[in-house]
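Ligands are counted one by one from 1 in listed order, and the atoms in each one are counted from 1 as well. These numbers come from the heavy atoms of this one structure, side chains and all, not from hydrogens, waters or symmetry mates.
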Amino acid sequence: DLLQPTATSDETDKLEEGLRPQRFADYIGQKDLKTVLEIAIKAAKGRGETMDHLLLYGPPGLGKTTMALILAAEMGTTCKITAAPSLERPRDIVGLLVSLKPGEILFIDEIHRLTRMAEELLYPAMEDFRVEIAIGKGQSARTRSLPLSPFTLVGATTRVGSLTSPLRDRFGLIHRLHFYEPEELTEIVLRSADLLKTPIDREGAEEIAGRSRGTPRIANRLLKRVRDYTQVKNLGKIDRKIADEALEVFNVDPRGLDWTDRKVLSVMIDNFKGGPVGIETIASATGEDVQTIEEVYEPYLMQIGFMLRTPRGRMVTPAAWQHMGYK
Ligand code: ADP
């Protein structure tokens, strides 16, 4: 699915790696985050210490992994990337921790999914750079404390509310990433087009940006689809009209809503007169799970003012009725 921000394939992975900004200066938008981190980096470097552990949260595709890699580059170190589901066994996380080089950055994606055991191994690692391991079995079992190299943990999550508080409390910096403004996404599209050597004018970039749901990963994907279309039809430079045509072919609506977004809205309008509707009902009507609706679809629909959360359930707004072609 073109719009699934969580979908991965070799092709998109390679595309993403090539387009990832490498330094602070190329990371567009998220001004507050950059300001905070620039200070944290300078201070840490000045003291010759590692930076405080950092928790980044927000919807997928907004630049959390990218920021971890940039931090490593700016600190002059490397970054090990992993995700909570691959740290299930204690030896996975212990192995990873002891392999860290001094000052290295450890990025753990989906950190809210760590097992209890993994979390408990992480606490002393984060606090005192040591890890407790069990030696021997049964009666003679003892624990030993192994020293680790100082490191910075960068945790990423789409659901900060699902983190346990002992884990959350061990991050010195907690920051939320916001959806990008259309102008910022336009800059991202122009930058990516340049890297892909794809001719595009500003209006063409704006058109793609406007349909990218505030998300750089989606902007890059849509750019790639428009590039294919333009190449196959031999149209030359991408302008607004070409971008518009191409995105229509790929079923991306003018606000960037995909089939599921539209289904969410139409279920609420047609079956529930606009709400309030419970999240479970919306999920089952669209065939998505509750978590995906909450983390991927709903945040953007709320951001553009198409959906509201009320104590009695979700409601669609007049703007959404209008967008869906109702009065
Ligand atoms: P997340 O980890 O939040 O899911 P990523 O860091 O993997 O998101 O970002 C997805 C893609 O979007 C990256 O490959 C990068 O090309 C692009 N991207 C993300 N943030 C920015 C940004 N601030 N400026 C330019 N491109 C960005």
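Under the 4.5 Å side-chain criterion, counting only non-hydrogen atoms from C-beta, Leu122 is in contact with Leu153.
Residue pairs that meet the side-chain hydrogen bond (donor to acceptor under 3.5 Å, both in side chains) test with at least one member in residues 302-321, sequence neighbours left out, are Glu298-Arg309, Glu298-Arg314. Sorted by first and then second residue, the pairs that involve residues 155-176 and meet side-chain hydrogen bond (donor to acceptor under 3.5 Å, both in side chains), not counting sequence neighbours, are His112-Thr157, Glu119-Thr164, Glu127-Arg170, Thr158-Glu295, Arg159-Ser162, Arg159-Glu295.
Residue Tyr180 has at least one heavy-atom neighbour below 4.0 Å for each of these atoms of ligand 1: 20 (N), 21 (C), 22 (C), 23 (N). Within ligand 1, counting atoms from 1 as listed, the ones closer than 4.0 Å to a heavy atom of Asn220 are 16 (O), 17 (C). Residue-ligand proximity, Leu19 to ligand 1, at heavy-atom distances under 4.0 Å covers atoms 16 (O).
Heavy atoms of Thr66 found under 4.0 angstrom from ligand 1 belong to the backbone as well as the side chain.
The closest approach between Gln30 and ligand 1 stays at or above 4.0 Å for every heavy atom of the residue.
In this model, a donor atom of one side chain and an acceptor atom of the other lie less than 3.5 Å apart for Thr78 and Glu104. Checked by atom type, the side-chain pair His323/Asp253 shows a donor-acceptor distance below 3.5 Å.
Proximity annotation for atom 25 (C) of ligand 1: of Pro21, Ala156, Gly18, Pro21 comes nearest, heavy atoms only.
Looking at Glu120 and Arg116, a side-chain N of the basic residue comes within less than 4.0 Å of a carboxylate O on the acidic one, giving a salt bridge.
Every N/O-N/O distance between Pro216 and ligand 1 stays at or above 3.5 Å.
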